[in-house]
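Numbering of residues begins at 1 and proceeds along the displayed sequence.
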Amino acid sequence: EADGTAMSVRARLTVEGTADFRAGNTVRLRCTPVPFEKTPSYDGERAALADGILLELTADEDVAYVMTDTSEAGGLLGFFSRLGSDLSFRLREAVGGDEGALAAAMLLGDRSGLPDAAARDFSRAGVSHLLALSGLHLSAVAGAVGWLLTKLRLPKLAKTPLMSVFLLLYLAVVGFPLSAVRAAIMLFAVFAAYYSGADGDGVSSVFLASAIILTVSPAAVADIGFMLSFSATLGRRKAKVSRDAGHMRRRISSTFGKAGALLLTGLAANCFTAIIIWRVFGSISLAAPLTNLFLTPLAGPLLALSAAALL
């Protein structure tokens, strides 16, 4: 209710201190609307709109509340939501400290325990995408599952469906974040191309994934992550299919090896995202191509170690 008038709107509530709320609970309390957070490097209103959140609310630690329904969210989504929260807690406890918070952010997308300074440092280095579940993370997960299934000597016709099922389960555990869903759609498009016998078209897959995302969730058009993911992926794909870029990549690869090819791909992604980053954040990290060259290859081993810590 707002001033005695009943209303239905999706809002985000922040309670100072500890609140014993779980997904699915129904709570009645008095809270106060507040402006969305906005800094030179973060537009809270844009981020909230991208998630369909129209109102930001806050309540004091000692606020009186009535739990009108203590049942938790049911069904598969409720189960996976609780599973994701439990796994994140176990991972942070197993690794400990800021390292545990970083592991939970990279593997499970839970950035709640990540220090603000760490997120700021990743952003300044131009590698904040390592903290957002995306194609890099799903490719690493799919690669690990594919490697395991290969060791079990399963044929590719059987491996691909099993990898798809595992990816869907992983998406459910991490809460279907848009960045990961986009990457999954592109991976499924590659799988479909294999079964149909058609050649994979990376550029078409990028536009197909974007069309599906915007059809299902039109609010994603306001998501800066969506813009950056789309632009960076398109830049990398165009660098691979462009004839001139192909000649340059082969020339650089013959001179500097794989490191040079990775640097060229990173430059292509940064060129496609530069105008968006400048417009939204007001600055561009000139170190991004080099930091991506050295840090991105470490993401796979870090994800594997994080997963091992849960065992």
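For the pair L83/L87, a side-chain contact is recorded, criterion being any heavy-atom separation below 4.5 Å from C-beta on. Between R10 and L54, the closest side-chain pair of non-hydrogen atoms is not below 4.5 Å. With contacts defined as side-chain heavy-atom distances shorter than 4.5 Å, the pair F188/M163 does not qualify.
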Exercise answer: donor-acceptor pairs, residues 89-108 side-chain atoms, under 3.5 Å, sequence neighbours excluded:
from : atom 1 : to   : atom 2 : distance (Å)
R90  : NH2    : L310 : O      : 2.7
R92  : NH1    : S88  : OG     : 2.6
R92  : NH1    : D110 : OD2    : 2.7

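Scanning for side-chain contact (heavy atoms from CB on, under 4.5 Å) contacts around T58 gives E16, T32, V34, with sequence neighbours left out. Residues forming a side-chain hydrogen bond (donor to acceptor under 3.5 Å, both in side chains) with T150 (at least two apart in sequence, or on another chain): K159. By the side-chain contact (heavy atoms from CB on, under 4.5 Å) test, A140 is found to be paired with L303, residues two or more places apart in sequence or in another chain being considered. For A172, the side-chain contact (heavy atoms from CB on, under 4.5 Å) partners at least two apart in sequence or on another chain are F80, F176.
For the pair T215 and A211, the tightest heavy-atom approach, listed with the atom from each and the gap, is OG1-O, 2.7 Å. Of all the heavy atoms in L138 and L167, the pair that sits closest is O-CD2, 4.0 Å. The shortest non-hydrogen separation linking L13 to C31 is CD1-CB, 4.1 Å.
Side-chain heavy-atom separations under 4.5 angstrom define the hydrophobic clusters, and the remaining members of the one that includes L148 are W147.
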